[in-house]
Amino acid sequence: MEYNYRDIEKKWQEHWKQTKAYQVSNDSSKPKCYVLDMFPYPSGVGLHVGHPLGYIASDIYARYKRLKGFNVLHPMGYDAFGLPAEQYALETGQHPAVTTEQNIKAFREQLDHIGFCFDWDREFRTSDPGYYKWTQWIFLQLFDSWLNRATQKAERISTLTALFEKEGNAAHECPGDRALRFTAAEWKSFDEVRQREILMHYRLAYLAFAEVNWCPALGTVLANDEVVNGVSERGGYPVIKKKMRQWFLRITEYANRLLEGLEQVDYSDALREMQRNWIGKSQGAEIRFNVKDTDQQITVYTTRPDTIFGVDFMVLAPEHDLVNRITTPDQKAAVEKYLDYVQSRSERERLAEVKQITGCFTGAYALNPFNGQPIPVWISEYVLAGYGTGAIMAVPCGDQRDFLFAKHFNIHITNIIGDAFNGQEANPTKDAVLQNSDFLDGMVMKAAMDAAAAKIEEMGIGKRQINYKMRDAGFSRQRYWGEPFPIVYKDGIAYPVAENELPVELPHVEHYKQGEDGEGPLANVTDWVNVAPGIRRETNTMPGYAGSSWYFLRYADPHNTTAFADRKAVDYWNQVDVYVGGAEHAVGHLLYSRMWTKALYDLGYIGFDEPYKKIINQGMIGGSSRLVYRVRGTNTFVSHGLKDQYETDPLHVDVNIVDGTELDTDAFRQWKPDYREAEFILEDGKYICGSLLEKMSKRLFNTVNPKDVVDKYGADTYRMYEMFLGPIEQSKPWETKGIEGVHRFLKKLWRLYVDENKGLIVKDAPATPEELKVLHKTIQKIDGDTSNFSYNTAVSQFMICLNELSSLKCNKRSILEPLLVLLCPYAPHVTAELWQLLGNTSSILEAAYPVFDEQYVKESSFTYPIAVNGKTRTEMGFALDADNGAIEQEVLANEVVQRWMEGKPLKKVVIVKGRMINVVV
RNA sequence: GCGGGUGUGGUGAAAUUGGUAGACACGCCAGACUUAGGAUCUGGUGCUUCACGGCAUGUAGGUUCGAGUCCUAUCACCCGCACCA
């Protein structure tokens with residue numbers, strides 16, 4: 001009986017399906033463990049061998065925890081809404097629902113070959129009305145909430161209106177309009193339109209006007225990456241900035257909690273750092289400067305209030321409101337010319353030409369609040385309207401951009417740091433001692449930062465201020481294939497759709513063209529849009545990250561029709577214990593879902609405010625491309641080793657017709673019609689290809705389909721090989737050739753249990769101490785490595801264990817049976833088969849994980865490496881409880897040691913018990 | 001430019017966290033069995049040297065009895081952010 005992985009794997013996959021072996025109950029006395037993969041988008045291009053890497057890792061972990069006695073939730077579903085499906089619909093006229101369904105089917109089929117332990121009964125799609133009903137519902141909760149900065153928690157809008165009625169908004173600064181102030185009496189005097197407008201400035205989901213890329217020729221809004229140098233990527237039509245009313249999530253109100261929450265979760269440093277950068281917290285001060293001869297003030301934001309006496313000019317963003325008001329008549333023409341120039345430049349150009357210094361003097365002067373010095377006010381595109389206050393105080397001796405600007409426009413540079421400034425470049429130090437700085441003279445800058453801020457607050461000309469780089473998240477898409485907003489407009493005011501009318505179902509459409517004036521395709525469905533006379537539906541849809549921001553909660557209770565999930569189920573499954581996925585979602589998805597979780601927590605719907613306890617970012621599997629070398633101007637291909645003798649062009653060749661580096665020349669001739677008559681110049685009778693590490697991509701002919709690998713070697717081999725490749729977080733290239741080592745391992749494993757002729761050869765005889773030692777060493781290593789996601793070393797240990805058991809010719813049940821359980825998470829099919837062959841009637845999935853027992857691996861003696869002056873020269877065995885003095889004596893008497901000591905005087909002997917011995921002379 | 005990460009054989013990688021560098025595999029070499037082998041098994045395989053030995057973890061220093069591991073500087077590559085005041 002041979003190791004017939006094809007039949008074995010098919011048999012067990014069917015068995016698991018029929019017996020619902022991976023169905024998991026919400027009702028269990030066992031401790032829970034929630035293992036989740038990042039929501040896949042079923043793209044339709046198909047998987048390559050890199051994609052399932054994370055799924056395999058999480059699958060191993062889920063199976064391991066189950067064997068360790070946990071009730072494990074390991075679900076899978078689909079992030080099914082999204083742009084690619086719609087784009088495809090536009091091109092082919094097929095409805096996105098149809099193509100999405102096809103893609104999911106293909107995706108599922110590919111997954112099913114690999115033997116995952118997903119509980120498919122919990123599957124759902126974000127595009128199911130039964131699911132997006134609750135996406136809409138959560139959106140409405142956000143719409144009906146604001147963040148109370150005093151408590152740092154989301155509260156209902158009703159608590160806000162109650163506050164307004166009692167005390168106005170004095171104690172609760174308006175996040176959407178910081179200048180807004182009103183008293184209780186004023187609030188009560190506002191009409192509904194005004195009140196709703198104000199509340200909109202507080203809501204966590206809110207409407208605001210924002211710029212989008214509008215392409216009139218295409219009649220559509222384009223995403224940033226669809227615009228290249230100011231024209232559309234497709235067609236090259238001009239794109240203009242257009243202000244449109246859009247939905248946003250006020251994620252900035254959660255900035256600080258998102259930042260602090262990072263301390264409590266187990267993410268990689270890189271991931272945490274990426275989120276920190278994205279949030280971009282900075283501490284500084286806002287300072288108001290009067291503008292000379294006017295009643296205008298410029299408010300700047302600076303992180304370095306200590307440099308206030310080094311301010312030589314100020315810069316406003318060109319879009320700043322004050323520009324028109326403070327520009328002097330004689331500078332008006334120049335400023336307008338500059339504004340025209342800025343207007344003509346796309347975002348991309350502005351970013352691309354960072355080095356180019358441009359700007360224009362407004363003619364106005366601001367006054368330094370401390371010494372009354374006039375400071376020229378400039379405008380320049382290097383100051384961004386969206387960050388801080390859109391205005392800066394420029395300190396050329398301390399900031400390189402300010403320095404270059406001053407040099408370029410010949411502005412005087414004041415030195416406030418003495419020798420620390422060399423006149424050649426700015427010095428951004430915080431450690432210099434201040435000069436020319438009035439009351440700050442003689443202070444170290446670090447200390448002066450606080451002193452200056454204190455003085456500014458004392459004088460009432462500004463205040464300390466914390467700033468975040470993060471922006472509120474745009475939540476509207478002018479698209480069809482997404483969740484409709486549960487919002488209707490009456491007289492232009494947004495009202496929520498009643499809860500009992502959810503879901504607002506996506507209407508069927510025949511075409512996906514944009515609506516007029518930048519609206520999405522839904523605007524064309526007039527009888528859907530016009531609910532009643534004067535009442536119009538929102539025609540945008542939600543973005544891709546809406547559905548994925550809370551899906552992990554739904555798996556706890558996926559079929560619930562009365563709530564997004566039953567509270568008891570969510571309390572039981574709680575946080576995701578391990579979340580596995582790619583680093584490309586490091587900021588977007590993770591921040592959004594963290595925010596939604598915090599909001600739901602604040603509002604009392606769930607009992608925790610971080611969704612993912614631990615995140616594993618699997619690395620990418622790179623492609624190893626194969627190259628052939630065509631002699632220029634011919635149809636002759638020369639082998640890699642001989643290519644330097646010719647003038648050649650390297651061409652990518654499909655890795656699937658190359659064995660290692662040896663090209664299958666017949667397959668090559670059939671690969672493309674052009675090569676049918678190809679000639680080869682061989683070396684040693686073979687055509688050897690060159691290789692190159694690149695991204696795995698269809699274009700480079702270096703993709704490998706997991707289905708092909710599973711067909712050829714089996715799912716167990718594929719799973720183990722992916723893990724054997726290296727640490728899970730690390731990126732590494734795929735080499736199909738290397739898989740044979742793992743495949744051999746499984747075949748050899750099989751032969752340990754089953755003889756080709758005699759069948760099962762496992763005996764019930766008692767195990768020897770050596771065999772027990774091998775087993776328990778393995779239990780210890782595998783248990784530790786598996787819980788640490790160190791799967792590559794675990795696979796190595798299985799190989800070591802098998803090599804040792806084979807040479808011991810071990811056929812004892814008491815050794816071989818526990819080994820199957822250890823291996824089961826990695827190779828579930830073959831272990832299930834052998835488990836059954838051993839006569840077990842219960843499933844290996846229910847087996848108990850072997851327990852490590854130290855007594856079997858304890859050593860009484862150790863072979864010490866003996867080093868002289870740190871260099872190992874020989875080995876000597878000693879009992880572990882041997883006396884140091886006795887060891888020393890014996891070591892010094894050893895002739896090899898004697899020889900290396902060369903009669904030099906002994907300094908000391910270092911003895912590290914159970915490790916090594918070093919003789920120092 | 002800023003931030004994070006990685007540099008170890010021909011290749012993927014290990015190294016109990018300061019203690020025998022290269023485990024386990026791929027590849028390669030030699031051999032056994034075989035009609036055959038892309039099956040299986042055995043042995044070898046960092047570089048260098050006839051050998052004793054010497055040299056080796058990107059590079060240069062340092063700490064230590066002892067460094068792939070810690071410290072300092074430097075180089076290369078990968079990822080993320082990028083006029084963020």
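Convention: sequence-line order gives letters A, B, ...; per-chain numbering from 1.
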Candidates B:G4, B:C24, B:G19 - which lies nearest the side chain of A:V910:
B:G19
Taking B:U17, B:A85, B:C83 as options, the one with an atom nearest any side-chain atom of A:Y301 is B:A85
Using the rule side-chain hydrogen bond (donor to acceptor under 3.5 Å, both in side chains), only one of A:H743, A:K747, A:K712 pairs with A:T717; which is it?
A:H743
P atoms of B:G61 and B:G68, separation to the nearest Å:
15 Å
I want to check one thing: is the phosphate of B:A13, taken as OP1 and OP2, less than 4.0 Å away from some side-chain N or O of A:Q730?
yes
Quick one about A:Y718 and A:D711 (side-chain donor to acceptor, distance below 3.5 Å, no hydrogens or angles considered), yes or no?
no
Expressed in angstrom and rounded to an integer, what is the separation of A:L725 atom CG from B:G27 atom P?
14 Å
What is the ring orientation for A:F313 with A:F405, classed by angle as parallel under 30°, tilted 30 to 60°, or perpendicular over 60°?
parallel
Is A:K907 touching bases, backbone alone, or none of the nucleic acid, heavy atoms closer than 4.0 Å?
nothing
For B:A23 and A:N803 - does any side-chain N or O of the residue sit under 4.0 Å from the phosphate oxygens OP1/OP2?
no
Could you identify the nucleotide paired to B:A21, looking across every strand shown and requiring Watson-Crick or G-U wobble geometry with both distances under 3.5 Å?
none
Which whole number of Å gives the distance between the C1' atom of B:U72 and that of B:C65?
23 Å
Side chain of A:K732 only, heavy atoms from C-beta on: which candidate in B:G12, B:A25, B:G80 is closest?
B:G12
P atoms of B:U16 and B:C83, separation to the nearest Å:
42 Å
Is a side-chain donor or acceptor of A:Q898 paired with a backbone partner of A:L892 at a separation under 3.5 angstrom?
yes
In the structure shown, which nucleotide is the Watson-Crick or G-U wobble counterpart of B:G1, with both distances under 3.5 Å?
B:C81
What nucleotide, of B:C83, B:A85, B:G12, holds the atom closest to the side chain of A:T303?
B:A85
Does B:A85 have OP1 or OP2 sitting under 4.0 Å from an N or O in the side chain of A:Y387?
yes
Result for 5'-nearest mapping on RNA chain B, choosing between A:Y864 and A:Y468, is A:Y864
Could you tell me whether the side chain of A:K281 and the main chain of A:I279 form a donor-acceptor pair under 3.5 Å?
no
B:C41 OP1/OP2 closer than 4.0 Å to side-chain N/O of A:R751:
yes
So, A:T299 and A:E286: side-chain donor and acceptor under 3.5 Å apart, yes or no?
no
Any donor and acceptor pair, going by atom type alone, linking the side chain of A:R594 with main-chain N or O of A:L258 inside 3.5 Å?
yes
Can you find a donor-acceptor pair, distance only, under 3.5 Å between A:N277 side chain and B:C81 base?
no
Of the listed B:U40, B:A85, B:G19, the closest approach to the A:M916 side chain comes from B:G19
With a non-hydrogen cut-off below 4.0 angstrom, is A:K469 in contact with a base, only sugar-phosphate, or nothing?
base
Nearest-angstrom distance, P atom, B:U8 to B:A14:
11 Å
In terms of side-chain heavy atoms of A:F724, which of B:A85, B:A15, B:G12 is nearest?
B:G12
N/O donor-acceptor pair under 3.5 Å between A:K777 side chain and A:V857 backbone:
no
Which residue lies more 5' along RNA chain B, comparing A:P865 with A:S282 via nearest heavy atoms
A:P865
Counting only Watson-Crick or G-U wobble pairs whose two distances fall under 3.5 Å, which nucleotide matches B:C52?
none
Given atom OH of A:Y826 and atom C1' of B:C24, what is their separation to the nearest angstrom?
14 Å
Report yes if the distance between the aromatic ring centroids of A:Y791 and A:F789 is under 6.0 Å, otherwise no.
yes
Please work out whether the ring planes of A:F852 and A:H776 are parallel, tilted or perpendicular, with thresholds of 30° and 60°.
tilted
Does OP1 or OP2 of B:C84 have a side-chain N or O of A:R471 closer than 4.0 Å?
no
Backbone N/O of A:G714 and side chain of A:R6: donor-acceptor pair under 3.5 Å:
no
OP1 or OP2 of B:A14 less than 4.0 angstrom from a side-chain nitrogen or oxygen of A:N792, does that happen here?
yes
Could you work out the separation of B:U11 and B:G4 based on their C1' atoms and round it to a whole Å?
27 Å
Looking at every strand, decide which applies to A:E273 at a 4.0 Å heavy-atom threshold: base, sugar-phosphate, or nothing.
sugar-phosphate
Give one of base, sugar-phosphate or nothing for A:D399, where a contact means two heavy atoms less than 4.0 Å apart.
nothing
Within the sub-3.5 Å range, which N or O atoms of nucleotides 54-58 of chain B have a protein N or O partner, and how far apart are they?
residue	atom	partner	partner atom	Å
B:G54	OP1	A:R873	NH2	3.4
B:G54	OP2	A:R873	NH1	3.2

Under 3.5 Å, N/O pairs linking protein and nucleotides 30-34 of chain B:
none

N or O in side chain of A:R744 less than 4.0 angstrom from B:C26 OP1/OP2
yes
For B:A73, which nucleotide in any strand shown is its Watson-Crick or wobble partner with both distances under 3.5 Å?
B:U59
Could you check which nucleotide pairs with B:A32 in any of the strands shown, counting Watson-Crick or G-U wobble with both distances under 3.5 Å?
B:U40
Among B:C83, B:A13, B:A23, the one nearest A:P727 by side-chain distance:
B:A13
Looking only at atom C1', what distance separates B:G22 and B:G9, rounded to whole Å?
7 Å
Spacing of the C1' atoms in B:C28 and B:C79 (rounded, Å)
34 Å
With a 4.5 Å cut-off on side-chain heavy atoms, are A:L404 and A:Q400 touching?
yes
With the side chain defined as heavy atoms from C-beta on, A:D269 is closest, among B:U40, B:G5, B:A85, to B:G5
Nearest whole angstrom, please: distance from the P of B:C65 to the CD1 of A:I917.
18 Å
Can you tell if the side chain of A:N894 reaches within under 4.5 Å of the side chain of A:I866, non-hydrogen atoms only?
no
With syn defined as a glycosidic angle within 90° of 0 and anti as everything else, classify B:G9.
syn
Side chain of A:R899 (C-beta onward), nearest among B:C26, B:G66, B:G53
B:G53
Integer angstrom distance from the C1' of B:G80 to that of B:U74:
24 Å
Complement of B:C26, any strand, by Watson-Crick or G-U distances under 3.5 angstrom:
B:G10
